[in-house]
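To keep things clear, I will list the structure first and then write my remarks on it.
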Amino acid sequence: MSGAGGDRVDLTVVVPAYNEERRLGPTLDAITRYLDEPEGRWGEWEVVVADDGSTDATRDIVTARRDPRIQLVASPHNRGKGNALRIGVAASRGRRVLVTDADLAAPIEELEKLGKALGEGNAAAVGSRSVPGATIGSRQHRLRELLGRAGNFLIRSVAVPGIRDTQCGFKLFDGDRARAAFAASRLDGWGIDVEVLQYFRRADWPLAEVPVSWSHQSGSKVRPLDYVRVLGELGRLKFRSLRPADAFAVLLFLLMATALYSGRFFDPAHRYLPDSLQDQNQWEWFFAVTADSVAHLRDPLFTDLQGFPNGVNLMANTVMLGLSVPFAPLTLLFGPALALSLCMTLGLAATAAAWYWFIVKRVVRQRAAAFLGASLAAFAPPMVSHANAHPNFVILFMIPLIIDRALRLCAGTRVTRDAVVLGLLTAYQVFLGEEPLLLAAVGMLLFAGAYGVLRRDVAKAARRPLLRGLPIAAAVCLPIICYPLAWQFAGPQSYQSVLHGTGAGNSPLALLAFAERSLIAGDAARANALSLNPTEQNAFYGWPLVLLAFAIVVRLWERTLVKALAFTALAAAVLSMGPRIRVPLTETVLPGPWALLADKPLFESVIEGRFAMVCAPVLGMLLALAIERLGTIRRVGTVYAGLLAVSLALLPVIPAPLKSTDRVDVPAFITDGLWKSYVRDGESLVPVPLPDPGNAEALHWQTAAGLGFKLPGGYFNGPYGEDRIGIYGASPRETSSLLRDIRYSGKVPEIGSNWKAQAAQDFAFWKAGALVLAPQPNDTQLRRALEKLVGRPGRWTGGVWVWDLHKGS
């Protein structure tokens with residue numbers, strides 16, 4: 001393959017030009033003088049000036065040369081450097097093609113270094129200002145240097161990893177390969193350098209990055225806006241690099257997540273997920289209060305809108321600042337219900353896509369196998385259970401990225417870079433969810449321990465980069481999270497630990513049973529009997545899937561990866577059973593390994609049953625390996641039997657859409673703003689009974705009112721007693737406990753002067769402006785109790801009973 005000029009030459013120099021009448025003449029003199037040196041080391045040569053629609057005398061300078069070795073190819077309009085290079089390389093005839101900018105910032109004499117690299121078997125030699133040995137004379141403006149470094153970092157991350165300087169305009173290519181790569185290019189701007197190098201990488205043509213001497217020349221055509229254009233071109237490259245199968249997989253994940261949330265997704269403001277219990281109200285409040293803090297530049301780590309007057313330590317309540325802050329504009333514009341619904345739907349789809357990317361990159365190459373594995377990892381029964389209420393446990397797209405970066409660090413190729421990225425990813429995950437990060441870290445340690453025992457050579461090779469890289473990762477991560485974590489554990493309204501009792505572990509039967517939301521095998525009574533509540537069905541993989549996993553492990557046992565995955569799943573499942581494991585159908589109780597961790601810092605607040613969630617991606621990877629192996633088998637009967645076994649195992653774990661109901665209307669007293677005449681600045685509105693984890697509808701009132709009033713009580717994690725033990729909700733007071741007991745029992749105790757005095761103290765502590773009683777079970781008894789406590793009847797207004805607590809009311 002050669003250009004349009006006919007016979008081959010040894011070297012073509014392509015010079016893109018746009019309005020270069022001042023610089024082009026000296027550049028051509030320097031190039032021709034060097035190539036005409038008497039040694040004739042470069043053989044026959046030509047120079048192709050690719051004019052990109054210049055409006056000055058650039059073309060005349062070329063045509064005036066009257067040297068047949070200097071050609072002009074021209075574009076009728078200015079379209080960009082990429083267009084100029086494309087037409088210039090297309091016209092080349094050289095066995096080698098040098099591309100150099102018209103300013104010769106890298107002197108033509110540097111061609112010798114590039115030629116040597118090409119002679120060593122490389123398909124391209126990239127002149128670089130960023131590798132050891134490069135020298136820079138006159139430097140660019142400091143801002144341009146910073147923008148260039150930032151751009152190169154993005155380019156390495158997105159398109160051409162390993163090349164530090166893609167934008168230096170001095171590159172030597174194998175001629176035929178250059179013509180193929182530039183002909184396949186589509187970008188007209190500065191991003192063509194990245195596009196062409198990406199083409200070489202995908203074709204497995206070797207690249208060498210060669211240090212050169214470089215000096216900034218005045219008259220650069222690069223403008224600040226061009227950096228933005230390059231980012232846009234990078235985006236186009238990344239989008240075009242997606243395989244159709246990959247794009248289709250991501251679309252399917254999005255459709256699956258939307259189907260799961262279909263009961264709420266299309267009308268989130270008026271639909272409620274009943275299996276979320278009160279968590280939907282809580283999480284919408286988290287998104288609302290974060291958006292309010294962003295809008296008014298308030299501290300996002302603390303608020304007294306709930307739990308008034310003591311307030312709430314938001315960092316200790318997993319408000320997912322990593323998403324609730326970026327989603328703040330959407331929350332402010334369309335409300336927290338839509339923001340939370342969209343966040344959870346997109347987040348679940350992103351988690352599936354991240355696991356798909358990881359499995360394709362690290363486990364199997366077959367896209368269909370990776371899709372099934374990722375689907376199981378993201379839509380496994382425990383994930384679906386948490387999808388009702390816990391975005392921090394379903395939005396896990398950072399976990400595969402962290403695992404991949406840790407594996408890169410173990411390889412020791414780019415220790416510093418990988419350690420820095422690992423530190424940043426880990427810091428961001430802290431602001432998405434600390435408990436999932438802890439579970440993932442334990443899972444990674446289990447896998448690493450098993451793999452290291454089986455492959456001691458790999459463990460030994462990874463030791464040095466890990467010892468070097470992990471401190472770097474910590475040095476990057478800790479400054480970002482240090483203050484938020486200090487606030488979480490030692491700031492106002494912090495607590496020591498949250499105790500969940502002795503029944504938070506999974507029964508062994510829970511690992512084999514079917515989840516409530518199983519499309520074809522769900523049994524709500526059975527699932528709820530084996531779990532804490534509908535949001536904590538942390539296992540429920542079903543016995544067919546467990547049997548399939550066992551069969552896969554036996555069949556692929558020769559693979560180290562399979563052995564390590566099997567150990568990880570088994571260990572996580574055993575940990576999830578808690579400190580005491582009851583053998584099913586017997587009275588025998590065995591000690592569980594969780595007892596070794598249960599009282600340790602951080603672990604003491606974990607619901608141990610959640611460790612079974614570690615099994616979801618492990619099972620997904622085992623499934624992907626099995627599907628890929630089936631694709632290599634030529635016996636049709638074996639393939640059919642294998643696919644049938646997979647189908648029978650997966651059908652029971654396909655989830656039905658989450659249950660949804662019409663949302664309870666917010667009283668007109670709130671929506672019409674009638675509350676404003678009862679609650680003054682510095683006061684609170686007191687719903688009866690006070691909001692707590694069992695009934696947090698008042699949080700929805702508060703978000704509907706634009707967070708205009710403060711609430712005592714609430715649904716959050718806070719301290720209790722002198723030991724500051726973590727509890728759900730505010731520390732109870734005598735009056736709040738009395739009203740809650742009446743709400744659930746319907747029994748009103750004898751209320752005398754002592755109760756009235758206590759109520760007066762509690763109302764004063766809450767700085768209560770008004771008591772509000774909405775229609776609810778046992779509201780007659782509650783109203784009778786309030787009349788006795790306050791000493792007068794309430795007033796019916798806006799669909800609620802109201803007691804104004806101001807003097808003289």
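All figures in this text were calculated on a predicted structure; none of them were measured in a lab.
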Electrostatic pair Glu587-Arg582, nearest N-O below 4.0 angstrom:
yes
Does either side chain, that of Thr560 or that of Arg455, offer a donor lying less than 3.5 Å from an acceptor on the other one?
no
Are Tyr720 and Tyr495, when compared by the centres of their aromatic rings, separated by less than 6.0 Å?
no
Taking all non-hydrogen atoms of both residues, which atom of Phe379 and which atom of Ala352 are closest, and how far apart?
CE1-CB, 4.0 Å
Give a yes or no answer on whether the side chain of Ser385 reaches the backbone of Pro534 with a donor-acceptor pair at less than 3.5 Å.
yes
Output the distance between atom CD (Gln366) and atom CD1 (Ile359), rounded to the nearest 0.5 Å.
12.5 Å
Can any side-chain N or O of Tyr541 pair as donor or acceptor with the backbone N or O of Ala380 at less than 3.5 Å?
no
Would you please test Asn392 and His386 for side-chain hydrogen bond (donor to acceptor under 3.5 Å, both in side chains) and show each step?
CA-CA 9 Å; Asn392 55 319; His386 284 276; over 6 Å; no
Are the aromatic ring centres of Phe611 and Trp594 under 6.0 angstrom apart?
yes
Does the Tyr272 side chain pair with the main chain of Leu277, one donor and one acceptor, at a distance under 3.5 Å?
yes
May I ask you to decide if Val583's main-chain N or O and Thr588's side chain share a donor-acceptor pair within less than 3.5 Å?
no
One should read off an interatomic distance between Gln429 CD and Leu438 CG, to the nearest 0.5 angstrom, of 11.0 Å
Roughly how far, to the nearest 0.5 Å, is the CZ atom of Phe431 from the OG1 atom of Thr426?
12.0 Å
Inspect the surroundings of NZ in Lys460 and state if more than 12 heavy atoms from other residues, nucleotides or ligands are less than 6.0 Å away.
no
Is it true that atom CZ of Arg555 has more than 12 heavy atoms of other residues, nucleotides or ligands lying nearer than 6.0 Å?
no
Should we say atom CZ of Arg367 is surrounded by more than 12 heavy atoms from elsewhere, each under 6.0 Å from it?
yes
Indicate yes or no: does Glu697 engage Arg743 in a salt bridge with an N to O separation below 4.0 Å.
no
How long is the span from the CZ atom in Arg733 to the CG atom in Leu690, to the nearest 0.5 Å?
10.5 Å
Do Asn388 and Thr535 have a side chain donor and acceptor closer than 3.5 Å?
no
Could you check whether any side-chain N or O of Asn313 sits under 3.5 Å from a backbone N or O of Pro492, counting only pairs where one atom can act as donor and the other as acceptor?
yes
Counting neighbours of OH on Tyr744 that are heavy atoms of other residues, nucleotides or ligands and sit closer than 6.0 Å, is the number greater than 12?
yes
Distance col, row Lys563:NZ vs Leu561:CG, nearest 0.5 angstrom, shows 11.5 Å
If you count heavy atoms of other groups shown closer than 6.0 angstrom to CZ of Arg464, is the number above 12?
no
So, Trp487 side chain and Leu301 main chain: donor-acceptor pair closer than 3.5 Å or not?
yes
Between atom CG of Leu519 and atom CG of Leu651, what is the distance when rounded to the nearest 0.5 Å?
9.0 Å
Inspect the contact between Arg610 and Glu536 and indicate whether a charged nitrogen and a carboxylate oxygen are less than 4.0 angstrom apart.
yes
